[in-house]
2 protein chains.
Amino acid sequence: MPLFTSTYINKVDKKGRVSVPASFRATIPSEDQSVAVFPSLVSKAIEGFDCSYLEHISERLNNYEMLITPIQKQEPAAKILSKSITISIDADGRIVLPQDFIKHAGITDRALFVGLGRTFQIWGPEEYDCAMAQGGGT
Amino acid sequence: MPLFTSTYINKVDKKGRVSVPASFRATIPSEDQSVAVFPSLVSKAIEGFDCSYLEHISERLNNYEMLITPIQKQEPAAKILSKSITISIDADGRIVLPQDFIKHAGITDRALFVGLGRTFQIWGPEEYDCAMAQGGGT
DNA sequence: TACAGTACCATGTTATTCCATAAGTATGCA
DNA sequence: TGCATACTTATGGAATAACATGGTACTGTA
């Protein structure tokens, strides 16, 4: 079951250190205990996935086309790649989120991990509730 | 293909532990003795199915589209994934239901398993009778 | 030397595994 | 057909392992 599912809330310390939910770690190949993340283009959240998914995003780009296309007209995939970083998961199962990512998501002391199958998101709990209340409810 | 059928009532202990009906276990592939469950989006019940069905739901999502679509506009499949957990069935044929799932279904000390073919539901017996009385009965 | 980043260790809590028992069901034999 | 035996199933409790989290020590860098 290589899917990210469920939601978890973990604490974030002053240095931006936070535990990755154990079930998320289980879906990441044990060889490269690391994840790729970038600030969402459309939400106050951090998007995340395992690193192999980066290649999947890259395949959407025709890199030659990019050479002759103004940056304003380039695909979202280009923007995603330019904003993504890979973070390694330490021996205790934690990652350190960059301060600007934390700021983008409005995270203070707690992080909400949302599993979405092949990808996941990291939210500030309050921001997530707020976003879901604005039409996310079914 | 084996199907979930019939209904069973089993006891739930203080920790949320409950036996999965033997006939349900028989319909789950013996390799991964586990089930996926989530709080129903439309009922006071817990929805359940074998894990391969979770992948089926995941395939409904285009995760790349998700990266450029606000969460408020995402389809129900995203919500299901974000609420689903996979629970392994222990050596004694039991699972542990999370407290918030139990609360959602109004379960106290007994759980009603309802077979629905490819999927099943877990209800509090009283809530089920009540729901069936309100026009659900066929 | 001060700082940021990283690795290491320690602890309380929660979840999982193991063992034991009882009840019910099917099986075999006289 | 009646009775005894062996299984499966459901359930309760206790031992064990995993997880999340806070803190400290080490590393390199400005």
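Each chain gets a letter, A, B and so on, in the order its sequence line appears, and its residues count up from 1.
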Can you tell me if B/Arg60 has over 12 outside heavy atoms packed within less than 6.0 Å of its CZ?
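Not buried by this count: 12 neighbours or fewer within 6.0 Å.
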Any donor and acceptor pair, going by atom type alone, linking the side chain of [X] with main-chain N or O of [Y] inside 3.5 Å?
{"X": "B/Asn10", "Y": "B/Ala111", "answer": "no"}
{"X": "A/Asp92", "Y": "A/Arg94", "answer": "no"}
{"X": "A/Arg118", "Y": "A/Leu3", "answer": "no"}

Over how many whole Å does the gap from [X] atom [atom1] to [N] atom [atom2] extend?
{"X": "B/Phe101", "N": "C/dA15", "atom1": "CZ", "atom2": "P", "value": "13 Å"}
{"X": "B/Lys11", "N": "D/dG13", "atom1": "NZ", "atom2": "P", "value": "11 Å"}
{"X": "A/Gln99", "N": "C/dG5", "atom1": "CD", "atom2": "C1'", "value": "12 Å"}
{"X": "B/Asn10", "N": "D/dT9", "atom1": "CG", "atom2": "C1'", "value": "9 Å"}
{"X": "A/Ile95", "N": "C/dG5", "atom1": "CD1", "atom2": "P", "value": "15 Å"}
{"X": "A/Gln33", "N": "C/dT6", "atom1": "CD", "atom2": "P", "value": "17 Å"}
{"X": "A/Ile89", "N": "C/dG5", "atom1": "CD1", "atom2": "C1'", "value": "18 Å"}

Pairing residues for B/Tyr128 by the ring-ring contact (aromatic ring centres under 6.0 Å, His included) criterion, not counting sequence neighbours
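Here the qualifying residues are B/Trp123.
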Which residues in residues 108-126 of chain A have a heavy atom closer than 4.0 Å to any atom of DNA chain D?
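The answer is none.
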Passing candidate, ring-ring contact (aromatic ring centres under 6.0 Å, His included) with A/Phe120, options A/Tyr8, A/Phe24, A/Phe49:
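Output: one option passes, namely A/Phe24.
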Go nucleotide by nucleotide along DNA chain D from the 5' end; which of A/Gly93 and B/Tyr8 gets its closest nucleotide reached first?
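Going by which nucleotide is closer to the 5' end, it is B/Tyr8.
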What protein N or O atoms touch nucleotides 16-18 of chain C N or O atoms at under 3.5 angstrom, if any, and at what distances?
| residue | atom | partner | partner atom | Å |
| --- | --- | --- | --- | --- |
| C/dT17 | O4 | B/Arg17 | NH1 | 3.4 |

Which residue pairs satisfy the side chain to side chain donor-acceptor pair (under 3.5 Å) criterion with at least one member in residues 46-56 of chain A, sequence neighbours excluded?
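Output for this query lists A/Ser40-A/Glu47, A/Glu47-A/Gln121, A/Asp50-A/Ser52.
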Give one of base, sugar-phosphate or nothing for A/Val20, where a contact means two heavy atoms less than 4.0 Å apart.
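Sugar-phosphate, no base atom in range.
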Closest to side chain of B/Ser19, choosing from D/dC19, D/dG23, D/dA10
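Side chain of B/Ser19 sits closest to D/dA10.
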The criterion is salt bridge (charged side-chain N to carboxylate O under 4.0 Å, His left out); which residues satisfy it with A/Lys44, sequence neighbours excluded?
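Listed in chain order: A/Glu127.
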List in chain and number order the residues that pass side-chain contact (heavy atoms from CB on, under 4.5 Å) with A/Ala78, two or more places apart in sequence or in another chain; answer none if no residue qualifies.
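Result, side-chain contact (heavy atoms from CB on, under 4.5 Å) vs A/Ala78: A/Leu61, A/Met66, A/Gln74.
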